[in-house]
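In what follows, chains carry the letters A, B, and so on, assigned in the order in which the sequence lines appear, proteins first and then strands, with residues in each chain numbered from 1.
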Protein chains: 2
Amino acid sequence: MTETAPGTATTSRRYGTRPTMKDVAARAGVGLKTVSRVVNGEPGVTPDTERRVREAITALGFRRNDSARILRKGRTASIGLVLEDLADPFYGPLSRAVEEVARAHGALLINGSSAEDPEREQELVLALCARRVDGLVVIPAGRDHRYLGPEIAAGVATVFVDRPAGRIDADAVLSDSFGGARDGVAHLIAHGHRRIGFIGDQPGIHTAEERLRGYRTAMAEAGLPVEDAWVSLGPTDPARVRAATAAMLDAPEPVTALFAGNNRVTVTVVRVLNERPAPVALVGFDDFELADLLSPGITVIAQDAAQLGRTAAELLFRRLDGAGAEPRRVVLPTRLIARGSGELPPAA
Amino acid sequence: MTETAPGTATTSRRYGTRPTMKDVAARAGVGLKTVSRVVNGEPGVTPDTERRVREAITALGFRRNDSARILRKGRTASIGLVLEDLADPFYGPLSRAVEEVARAHGALLINGSSAEDPEREQELVLALCARRVDGLVVIPAGRDHRYLGPEIAAGVATVFVDRPAGRIDADAVLSDSFGGARDGVAHLIAHGHRRIGFIGDQPGIHTAEERLRGYRTAMAEAGLPVEDAWVSLGPTDPARVRAATAAMLDAPEPVTALFAGNNRVTVTVVRVLNERPAPVALVGFDDFELADLLSPGITVIAQDAAQLGRTAAELLFRRLDGAGAEPRRVVLPTRLIARGSGELPPAA
DNA sequence: TAGCCCCTGGACAACGTTGTCAGCGGCAGG
DNA sequence: CCTGCCGCTGACAACGTTGTCCAGGGGCTA
């Protein structure tokens, strides 16, 4: 045993310094490798030796340093998740689903929010790569993911969720934004609407564009024109959405129904409609808690966020297990849930 | 550019093997340490040398291996967050707030869900410690955290949030559960209620007990009795809460008002009340999105989840910056938001 | 021109763990 | 009694990075 801190016992160590296997080995009177064997449950250790080692471990409060282990082994048993905003209720279940799958595979989840900022996304992704995560699940904020090329080539499995990767070919798990929006708008048309507004997320975001395309397609299929004033894309903050909604409703010839491009938009639109006397039909993309308890209940195009996360994570681990193949694109169906708001007839 | 075909030049590497500083140094024709200097922006490198190194870095797709760096430096620049369930809307903003603070301090956030299972909490916490996170933010699931003793002694800063640690002395950031519940119940009493039910989370959970204590105190302060049938603690799954609510409302002498112990409970209670003709007053602990849009709006005791997370993370980083001191307990106030459901008069 | 210092660059050890390999004692078979 | 094998154990190198220390060269001063 060696002396360490000024004037104290053998086991005392400076604050902030942790005992290592070497310390454990010294205390147990065995070799370094034997400690390693015990810690990792490898065979070939006498019960008596093992007991001595275990005693030393608890006495010293030893905990294996995974950084060293990772360095040595090359695998980190962790995956990274980069999403837009954890505070958005859409991402909670998604994140949780990814975590559950990771856990089932013995991996830890490291996650971060890009705040919808491409630079921040890249910064985060590269930080995770520097940590040598085994794989990445990314909800893209940017439109160009070529910076991931070297990482993917180096063996970092990567799956994109909710939106496809930009300018590289990679696995992606998506919801059927186009089909969902088309169904939702067709639903409104079926209930007699002719003048339908679309309020969506920023142009440039894949889902926003797909949903807009779905809207336009449904209108076209019904032979209806789309006026410029009926389409508004932009940030989903309440102020912008409020303004857009008001503009459509206060126009000389107001829209009689609205399609909201995601849950953030829907919530604000509901608030605006609530403040107005005349009922306006509404279908929103994304389901959300309590949508059924509002009056009228909100008709939505539901996508299963948890399923999205689960599917992506499972695909990721299949890749890690060596399922090498062409990048795949998985598209999950959406489901229209009619609750009332989408079945209102045109006011006029 | 060099050839990378199988079995060729020095710079070719197997799939899954990443270039190291040594490779970069060889390619740039400089020493190992010089590469390190460039990568870390240390002074003392000629512009020309730096350029050569940077070229080699991009050519090889080099990315520093943070595992090795961490091992060498001892600090990981990452903190761990262990919470109950990311899918619970209460934790999204909390997690996000912690992340923002971590980011401001240049640290990465690793998080995991305990699923309210003490064993899983411990497993997660220890896994994070093995990764040598610099600090931990923990929303406890268990009641005994002595297992954290060695870690804290070894310098892992730890802050508990939402509930205090069990059987060890540690920093904690809490909401005023007791005061909030007391205020909420007093609010119901002020509106004429005498028979008030309390539906809360599992006994053993600190907040559940504090809120129950607040309920009992408010009742006692008003000189009102509390019948056993008016108090129900247990899991917050819909089935249990439904049953408990129904039992209180269908009793021979039903309660005229309910206090819900957290947002999960509130949501289910709202659903049950919606199915019944007679209005029942309701105050819920925790605010939630759309609470204002229901009819009646739901009166709540709001706690600021983001503030909770922010405060905890800031305290954590103060500790990491060396603010050694006695463990502190910070209690944040709650706020009653009256929206209608809490102001309904007794039915009878 | 000698002497000195500064600037740049590199050799080397160390961080804590795991994989490889070799040693040692005992036991069975020849 | 020797050989060969097996079960257990430990010495040693390696993972990729950073900190320490030293060497060489160029510019400056005396």
Side-chain angles (χ1 to χ4, degrees), chain A residues 2 4 13-14 16-53 56-57 60-77 127 129-132 134 154-155, chain B residues 13-14 16-54 56-57 60-77 127 129-134 154-155:
Chain A
T2 49
T4 40
R13 327 209 95 250
R14 288 189 311 291
T17 305
R18 309 208 49 153
T20 72
M21 284 193 179
K22 210 160 127 188
D23 301 314
V24 174
R27 174 160 181 135
V30 301
L32 189 53
K33 181 63 201 189
T34 300
V35 177
S36 171
R37 274 193 269 261
V38 170
V39 168
N40 293 299
E42 288 171 25
V45 180
T46 316
D48 182 59
T49 310
E50 172 165 354
R51 190 185 44 73
R52 290 214 316 284
V53 171
I57 287 176
L60 295 173
F62 167 80
R63 185 100 43 215
R64 180 178 64 196
N65 184 331
D66 272 352
S67 288
R69 170 171 231 254
I70 286 165
L71 175 60
R72 186 61 232 253
K73 303 201 69 151
R75 282 251 152 158
T76 61
C129 288
R131 296 281 172 129
R132 295 293 187 268
D134 297 334
Chain B
R13 330 214 95 250
R14 289 187 309 290
T17 304
R18 308 207 51 150
T20 73
M21 285 193 180
K22 209 159 127 189
D23 301 315
V24 174
R27 177 164 180 131
V30 302
L32 189 54
K33 180 64 199 188
T34 300
V35 177
S36 172
R37 274 193 270 262
V38 171
V39 168
N40 294 299
E42 289 171 24
V45 180
T46 317
D48 182 59
T49 309
E50 172 165 353
R51 190 185 44 73
R52 289 214 317 285
V53 171
R54 291 209 180 283
I57 286 176
L60 294 174
F62 167 79
R63 185 98 46 215
R64 179 178 65 196
N65 183 331
D66 272 352
S67 288
R69 170 170 231 255
I70 286 165
L71 175 59
R72 186 60 233 252
K73 304 201 69 150
R75 281 252 155 159
T76 60
C129 288
R131 295 280 172 128
R132 294 294 185 268
V133 292
D134 297 334

Before giving the answer on side-chain contact (heavy atoms from CB on, under 4.5 Å), spell out for B:Asp48 and B:Arg51 the whole-Å C-alpha distance, their side-chain angles and the decisive distance to 0.1 Å.
-> CA-CA 5 Å; B:Asp48 182 59; B:Arg51 190 185 44 73; 2.7 Å; yes
Shortest non-hydrogen contact between B:Arg132 and B:Thr76, atoms and distance | O-CG2, 2.7 Å
Of all heavy-atom pairs between A:Val39 and A:Phe62, which one has the smallest distance, and what is that distance?
-> CG2-CE2, 3.9 Å
Taking Watson-Crick and G-U wobble contacts under 3.5 angstrom, with | marking pairs to another strand and [ ] crossing pairs, the secondary structure of DNA chain D is written ||||||||||||||||||||||||||||||
Is a donor on one side and an acceptor on the other found under 3.5 Å between the side chain of A:Asn65 and the backbone of A:Ser67?
-> yes
Closest heavy-atom contact between A:Val24 and A:Val53?
-> CG1-O, 4.1 Å
For A:Ala28, does its backbone N or O pair with a side-chain atom of A:Arg52 as donor and acceptor, under 3.5 Å?
-> yes
In B/S/- notation (B base, S sugar-phosphate only, - none; protein heavy atoms under 4.0 Å), nucleotides 9-21 of chain D written 5' to 3' is BBB-BBBBBBB--
When you look at B:Arg131 and B:Ile70, which way does the side-chain contact (heavy atoms from CB on, under 4.5 Å) test go after all the steps?
-> CA-CA 10 Å; B:Arg131 295 280 172 128; B:Ile70 286 165; over 6 Å; no
